[in-house]
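Here is the structure we will look at.
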Amino acid sequence: MKMYFQEINKISYEGAESNNPLAFKYYDAERMVAGKKMKEHLRFALSYWHTLTGNGTDPFGQPTMERGYNELKGMALSRARVDAAFEFMTKLGIEYFCFHDLDIAPEGDSLQEKLENLDVIVALIKEKMKETGIKCLWGTTNAFGHPRFMHGAATSPNADVFAFAAAQVKKAMEITLSLGGENYVFWGGREGYETLLNTDIALENDNLARFLGMARDYAKKIGFKGQLLIEPKPKEPTKHQYDFDTMTVLGFLRKYNLSQDFKLNIEANHATLAGHTFQHELALARVNGMLGSIDANQGDMLLGWDTDQFPTNIYDATLCMYEVLKNGGIAPGGLNFDAKVRRGSFKPDDLFISYIVGMDTFAKGLLVADRLLTDGVLEDFVAGRYSSYMVGIGKKIVEGTTDLEELAEYALKHDTIELQSGRQEMLEDIVNRYIYGKCE
Ligand code: XLS
Ligand code: CA
Ligand code: CA
């Protein structure tokens, strides 16, 4: 079998003092943290699209990535990428991957050819999974790239496009099932609009719900037990994406009676595009019982588009893992690196270095979050801040045993109110100190 990263050995853990760019400084897969191995908390996944098919093209320039399979085309290229993907994951110790149907096999000249291409590559992937023990975190379909999807898929004004997208989801779900995928993702693609001047927003939303309902029914019918996930994003490619953010999706699911069947896949860069912090989206998903999985990346705060960079921000990673721990873990979801190397980082080892820094950032974030939670520093403060709801009139409010009249009477007698400081800067200092070194 041809090796695509021959000059790179298996990446090992060398500890925080190491200066080796091709070694982990914090990610020590077997290390126990809060009763579980690090790798069980983090459940890292490779994104097939950015890692294997991404070639550095941007709207202004041609491919830049130096990859050993660049000369190949069609099915030969898809086969080579399977070898490269499993070599890469094995060397990094990544145990999961995520894919779109189109990442793994070429479109072909007809729907039939596309389906046949998929079957060939899926068989190959299955063999590799058996050989390496690597698993599928989630599958999805690409119903946004081809020109037929220019006006959307499930929200296209053309019913034939709706049907075509349905055929794709049907096949992608069958594949995900056959690969033992633990989740299936619906990211909106072009489900949104460019202008309301030509859009029946009511019909499009109803159709999106109809589409998701049919997908849920088909998942049940074929015995797919994985979690169905919706991935919010506010804009790009369309001006307005219907799955804008956590609360928009939740409102949509509840309106159409779908909230029992879906959870959310929260992506860091999509949160920031929506004008939220990553933690905001995670926390709202968590408190609503909807946190299913995570796309771990980051955006550039000075740019208004989806840069999908490898995550290096320790503050965000810490607060993400804080939410994950409070969620009782992320399984059957995981942390998928929906991230790509910059166009100028075109060498094969840049790909390894980028995954290593992403994995290290989240491993360190996990350690800090665990210490913050074990010491209860933030939890105790928050509990104290709301303690007036534990007794007296506050308790009655929470229990629903009071009304406006009683509250008005109470207020008349208690109109000298003493407030406590929110201590934001003090809490930020605490988080900083835990990151600086209150944990190994
Ligand atoms: C695009 C999305 C996409 C989904 C999978 O912005 O992040 O890659 O994760 O379709
Ligand atoms: Ca994503
Ligand atoms: Ca993205």
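Counting convention: from 1, in listed order, for ligands and their atoms alike.
Between the side chain of T141 and the main chain of A172, no donor-acceptor pair closer than 3.5 Å is present. Between the side chain of S18 and the main chain of E14, no donor-acceptor pair closer than 3.5 Å is present.
When all heavy atoms of Y4 and E87 are compared, the pair lying nearest together is N-OE1, 2.5 Å.
Take D83 and apply the salt bridge (Lys or Arg N to Asp or Glu O under 4.0 Å) test, not counting sequence neighbours, and it matches K128. Partners of K340 under the salt bridge (Lys or Arg N to Asp or Glu O under 4.0 Å) rule, at least two apart in sequence or in another chain, do not exist in this structure.
Cation-pi check for R216 over F262 is not met; the charged atom does not lie both under 6.0 angstrom from the ring centroid and within 45 degrees of its normal.
None of F144, W187, Y48, W138 except one satisfies the ring pair (Phe, Tyr, Trp, His ring centres under 6.0 Å) rule with H100; the exception is F144.
Look at E7 and K347 and you find no salt bridge, because none of the NZ, NE, NH1 or NH2 atoms lies under 4.0 Å from a carboxylate O.
Checked against the Ca ion (ligand 2), the N, O or S atom of E231 at the shortest distance is OE2.
The distance cut-off of 3.0 Å around the Ca ion (ligand 3) captures these protein N, O or S atoms, sorted by chain and number: E267 OE2, H270 NE2, D306 OD1, D306 OD2, D308 OD1.
The aromatic ring centroids of F310 and Y355 lie less than 6.0 Å from each other.
Enumerated by chain and number, the residues approaching ligand 1 to less than 4.0 Å through a heavy atom are W49, H100, W138, W187, E231, K233, E267, H270, D295, D306, D338.
Other residues, nucleotides and ligands place more than 12 heavy atoms under 6.0 Å from the NZ atom of K36.
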